[in-house]
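Computation of the quantities below employed the complete heavy-atom set of this structure, encompassing side-chain atoms and omitting hydrogens, waters and symmetry-equivalent molecules. To find a chain, count down the sequence lines: A is the first, B the second, and so on, and within it residues start at 1.
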Amino acid sequence: MTPIAHFSRRYRLSASHRLFIASLSDQQNAQTFGKCANPFGHGHNYTIEVTVSGPIDPATGMVVDLVALDDVAKREVIDRWDHTNLNNDPHFSGSVVPSTENFVYEVERVMREGIAKLAQHNPRLQLVRVRIEETSNNSFDLISSGEMTKF
Amino acid sequence: MIFLTRKAEFSSSHFYRNPAWSGEENLRRFGKCANINGHGHNYTLEVTVAGEVDPVTGFVVDLKLLKDILEQEVVSVYDHRHLNYEVPEFKDAIPTTENIAVAIWKRLDGKIPNAKLHRVRVYEMPDLFADYYGETA
């Protein structure tokens, strides 16, 4: 009977963004997005909380190799977005507004793909949830696995 | 149904070592955590129980009672102790955050009156934590 545990890690990155829709006038963007439409942009210290689950490997006592998980987060998330302007990222340069909702979808996608590669060693390892805190007052959760995450 | 959470803290030392592996292999797999002189953390424990509100007291569980159970079952055993040497469940299991969460679940399961143990969360640091819900494969 191997216990199945959840393991979570929190990462930080700082980035700027501007919320706007190119086809709208400045006035319409200001009406839609308020201060977030400021043409010069603004920034946040984002916290990204990644939760995985799986059986605890009896040899290591771990659900996931922490260094390997940190490497995925660094390569796929931190190196891509830390100290950047999100609007310059190809994913957000078209019609996808870099809201934290849209940001969490892209972070979840790249983390899920990166963790799938780690799962070669642990087939039952899976990404369960990604939470992004845009500020200490706003957070956004995306549930990865088919079942509703346990809270 | 209400989910009620109580926190407790303990400070302990530990190290990671699989006795089946060489010293080099332990160092390669566990890095700094393999230092056999140990190192320590301020752990935060969050225990969540689920239950119905008692119509007389308005409580799911008396928080003082829950605090006393956590103190007796966990904190008095783990706090200011070396987990590898002084806590029996880690004689044969590596005291990772995941295994600590499972061990605390086993210590508490069935001991909380009128409520069901729902989740044990253990923070090793604010940026690293494990949850256990009693699931097994």
Checklist entry - Which residues, numbered in order, of residues 52-60 of chain A come under 4.5 angstrom of chain B by heavy-atom distance? => result A:I56, A:A59, A:T60
Item to check | Heavy atoms from other residues, nucleotides or ligands near CG of B:N114 exceed 12 (cutoff 6.0 Å) | outcome: no
Checklist entry - In residues 13-28 of chain A, which residues are in contact with chain B at a heavy-atom separation under 4.5 Å? => result none
Checklist entry - Is A:M62 close to B:R29 at the side-chain level, that is, under 4.5 Å between some pair of heavy atoms? => result no
Checklist outcome for this item: Distance col, row B:T136:OG1 vs A:M1:CE, nearest 0.5 angstrom, shows 3.0 Å
Next on the checklist: Just checking A:N138: does its CG atom have more than 12 heavy atoms from other residues, nucleotides or ligands closer to it than 6.0 angstrom?
Outcome noted: yes
Checklist entry - Which pair of non-hydrogen atoms, one from A:G61 and one from B:N99, has the smallest distance, and what is that distance? => result CA-ND2, 3.4 Å
Checklist entry - Side chain, backbone, both or neither: which part of B:W21 has an atom under 4.5 Å from a heavy atom of chain A? => result side chain
Next on the checklist: Count I, L, V, M, F, W, Y as connected when their side-chain heavy atoms are under 4.5 Å apart, and connections chain through other members. Are A:F140 and A:M111 then in the same cluster?
Outcome noted: no
Checklist entry - Which heavy atom in A:R12 sits nearest to a heavy atom in B:D127, and how many Å separate them? => result NH1-OD2, 2.9 Å
Checklist entry - For B:F30, is it the side chain, the backbone, both or neither that has a heavy atom under 4.5 Å from a heavy atom of chain A? => result side chain
Checklist entry - Under a single-linkage definition using a 4.5 Å side-chain heavy-atom cutoff for Ile, Leu, Val, Met, Phe, Trp and Tyr, are B:V61 and B:F59 assigned to the same hydrophobic cluster? => result no
Checklist outcome for this item: If you tally heavy-atom pairs under 4.5 Å between each of B:N18, B:I94, B:L128, B:T97 and chain A, the highest tally belongs to B:L128
Item to check | For B:P126 against A:R10, the heavy-atom pair lying closest together | outcome: O-CD, 3.4 Å
Checklist entry - Would you find more than 12 non-hydrogen atoms of other residues, nucleotides or ligands less than 6.0 Å from B:L63 atom CG? => result yes
Item to check | Side chain / backbone / both / neither for A:V50 at chain B, heavy atoms under 4.5 Å | outcome: neither
Checklist outcome for this item: Heavy atoms of A:R124 and B:A137 approach each other most closely as NH1-CB, 3.2 Å
Item to check | B:I112-B:V77 co-clustered via ILVMFWY side chain contacts under 4.5 Å | outcome: yes
Next on the checklist: Side-chain heavy atoms nearer than 4.5 Å, only ILVMFWY residues, links allowed to pass through others: does that put B:F15 and B:I100 together?
Outcome noted: no
Checklist outcome for this item: Residues at least two apart in sequence or cross-chain that pass side chain to side chain donor-acceptor pair (under 3.5 Å) with A:E76, listed by chain then number, are none
Next on the checklist: Centre-to-centre under 6.0 Å for B:F129 and A:H6, is that the case here?
Outcome noted: no
Next on the checklist: According to a hydrophobic-cluster definition based on side-chain heavy atoms being under 4.5 Å apart (Ile, Leu, Val, Met, Phe, Trp, Tyr only), do B:L83 and B:M125 belong together?
Outcome noted: yes
Next on the checklist: Surrounding NZ of B:K111 (heavy atoms of other residues, nucleotides or ligands, distance under 6.0 Å), is the total greater than 12?
Outcome noted: yes
Item to check | Set of residues satisfying side-chain contact (heavy atoms from CB on, under 4.5 Å) with respect to A:V104, sequence neighbours excluded | outcome: A:V130, A:I132, A:L142
Checklist entry - Quick one: of B:V122, B:T96, B:V120, who has the most non-hydrogen atom pairs under 4.5 Å with chain A? => result B:T96
Checklist entry - Would you find more than 12 non-hydrogen atoms of other residues, nucleotides or ligands less than 6.0 Å from A:F33 atom CZ? => result yes
